[in-house]
Engineer: 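To start, I am sharing the structure in question, which I have written as structure tokens.
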There are 2 protein chains.
Amino acid sequence: MIAKPADTKTRILDAAEKLFGKSGFDATSLRDITAEADVNLAAVNYHFQSKESLIDSVIARRIEPVNLKRLAMLESAGPNPNLEQILIAFMAPVLNQQDLSGAIELMARIFATPDMFVTRLFKTHFTAIVERFSEAIGKTLPELSRTEILWRLHFTGGAMAHVLARSHLLPQMMPGFPELPDRQTVLARLVTYAAAGFRATEGF
Amino acid sequence: MIAKPADTKTRILDAAEKLFGKSGFDATSLRDITAEADVNLAAVNYHFQSKESLIDSVIARRIEPVNLKRLAMLESAGPNPNLEQILIAFMAPVLNQQDLSGAIELMARIFATPDMFVTRLFKTHFTAIVERFSEAIGKTLPELSRTEILWRLHFTGGAMAHVLARSHLLPQMMPGFPELPDRQTVLARLVTYAAAGFRATEGF
DNA sequence: GTCTATAGGTTGATAGAC
DNA sequence: GTCTATCAACCTATAGAC
């Protein structure tokens, strides 16, 4: 492995990702980022024009590969994937991604931030995913209405986002809670829970 | 109904709640708050000492009544509540609260903000609730391990938080998604989903 | 309790030299 | 492309008059 001397633009993206994930978009200043990246302050505006545009770039760089992976996993499960395969394709690329420079914490922020400009990105990047996955689920659960499927996907996304953002404090919140298991175990628990939720009889 | 002339302290709390919910804690300045509340800037520091202490007060004012309501609903379901009753007691007080000055949006922020000082409040206000509800669930689902119950409560809290934070954009995210139903309908959907998730056989 | 005034520091963004 | 220097605006917090 050759240590790549990352160029300025990449260094800024890496530093911004790390700090946005740790402290949020508002609380992270451009000066924090340039200090972390060890580049000049003016370089941010030269390469990204504005802070908001930098946020756009940081988010898109991580989300797009994840979404491609989701679609690829769904494809590779064949023309008639079962519910568990679908849910794993939906969640594994998010939960299992490499946390090189804080990608997981960043993703937790994106899911959890209701601010308008993040919401806009949410729409941009997730609409096609929701469309594709809700269609696949509809094929395995034809008795569910499309509306119900979308709601349950909404619930499932919420559970997944919460796992990203807060799982690390389960042990300290609950006395006697065991060590955090590895990601595969968490994913398995989540898939079991969500699959049962999807299979519930509609209307209660 | 007599229109109460709220005192300065209450006006600040109301304005802060509204703006924290709308824009987040970092993006809301004390000047934003005092302008909204139509009080003097210095009044904030007089009544609350610091911004962080104001945030504490704003959050505690809304969370504590909700948690009392949760415990009361669980009590009133009798000594052996079924799973649905437990889940309704857990979620209804959060989802159905009056959104007078932005309480629901504030609650969404609290659940969704992974910052340390919010996490600390999370522990302060929710540990007892989790303890009580996980115990009640354990009585109805004795075959589940305590660890599994805590994980599934974690997932359920995530789904609920996501409903608070993002449900309003389901219609615009999905072409053909119908109008948002009333809160009771959303709650019923969520309870159906979560109850099935809890009843899943452990270990898959 | 409420106000004005201000201290002391940070912010995003840019102009202009190299 | 990268730097220094700087602007104008904003921030939290406090001192001190009333």
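Just the heavy atoms: all of them, side chains too, but no hydrogens, waters or symmetry mates, feed the values below. Below, chain A is the first sequence line, B the second, and so on; all start at residue 1.
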Engineer: Roughly how many Å is it from CG in A:Asn45 to P in D:dT4, rounded to a whole number?
Structural biologist: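 After rounding, the gap between these two atoms is 15 Å.
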Engineer: Classify every nucleotide of nucleotides 1-7 of chain C by which part a protein heavy atom approaches to under 4.0 Å, writing B for the base, S for the sugar-phosphate alone and - for neither, in 5'-to-3' order.
Structural biologist: BBBB---
Engineer: Determine, using ring centers only, whether A:Phe111 and A:Phe126 are less than 6.0 Å apart.
Structural biologist: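 Judged by ring-centre distance (under 6.0 Å), A:Phe126 and A:Phe111 do meet the cut-off.
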Engineer: Between C:dG12 atom P and B:Asp26 atom CG, what is the distance in whole Å?
Structural biologist: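 Whole-Å distance recorded here is 12 Å.
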Engineer: Check whether any side-chain N or O of A:Thr113 sits under 3.5 Å from a backbone N or O of A:Arg109 as a donor-acceptor pair, and report yes or no.
Structural biologist: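 Indeed, once roles are kept as given, a pair shorter than 3.5 Å links the two residues.
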Engineer: Return each pair, listed once, that meets salt bridge (Lys or Arg N to Asp or Glu O under 4.0 Å) where at least one residue sits in residues 158-176 of chain B; pairs must be two or more places apart or across chains.
Structural biologist: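 Listed by first then second residue: nothing to list.
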Engineer: Identify, with sequence neighbours excluded, every residue that meets ring-ring contact (aromatic ring centres under 6.0 Å, His included) alongside B:Tyr46.
Structural biologist: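 ring-ring contact (aromatic ring centres under 6.0 Å, His included) check on B:Tyr46 returns nothing, list empty.
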Engineer: Rounded to the Å, how far apart are B:Leu30 CG and C:dT10 P?
Structural biologist: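 Nearest whole value for this atom pair: 17 Å.
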Engineer: Under 3.5 Å, sequence neighbours excluded: what are the donor-acceptor pairs made by side chains of residues 29-39 of chain A?
Structural biologist:
unit_1, atom_1, unit_2, atom_2, d
A:Ser29, OG, A:Arg31, N, 3.4
A:Ser29, OG, A:Asp32, N, 3.0
A:Ser29, OG, A:Asp32, OD1, 3.4
A:Ser29, OG, A:Asp32, OD2, 3.2
A:Asp32, OD2, A:Ser29, N, 3.1
A:Thr34, OG1, A:Leu30, O, 3.2
A:Thr34, OG1, A:Arg31, O, 3.2
A:Glu36, OE2, A:Lys18, NZ, 2.9

Engineer: Do any side-chain nitrogens or oxygens of B:Ser29 fall under 4.0 Å of OP1 or OP2 in D:dC11?
Structural biologist: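 Yes, within the criterion.
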Engineer: Give me the ring orientation class for A:His154 and B:His162: parallel if the planes are under 30° apart, tilted from 30 to 60°, perpendicular past 60°.
Structural biologist: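 Because their plane-to-plane angle lies in the 30° to 60° range, the rings of A:His154 and B:His162 count as tilted.
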Engineer: Among pairs that include at least one residue of residues 167-190 of chain A, which meet salt bridge (Lys or Arg N to Asp or Glu O under 4.0 Å), considering only residues two or more places apart or in two chains?
Structural biologist: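 Found A:Arg189-B:Glu148.
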Engineer: Just say parallel, tilted or perpendicular for the rings of B:Phe25 and B:Phe20, cut-offs at 30° and 60°.
Structural biologist: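 Answer is tilted, since the angle falls between 30° and 60°.
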Engineer: Under a 4.0 Å heavy-atom cut-off, which of residues 51-60 of chain B touch DNA chain D?
Structural biologist: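 B:Lys51, in order of number.
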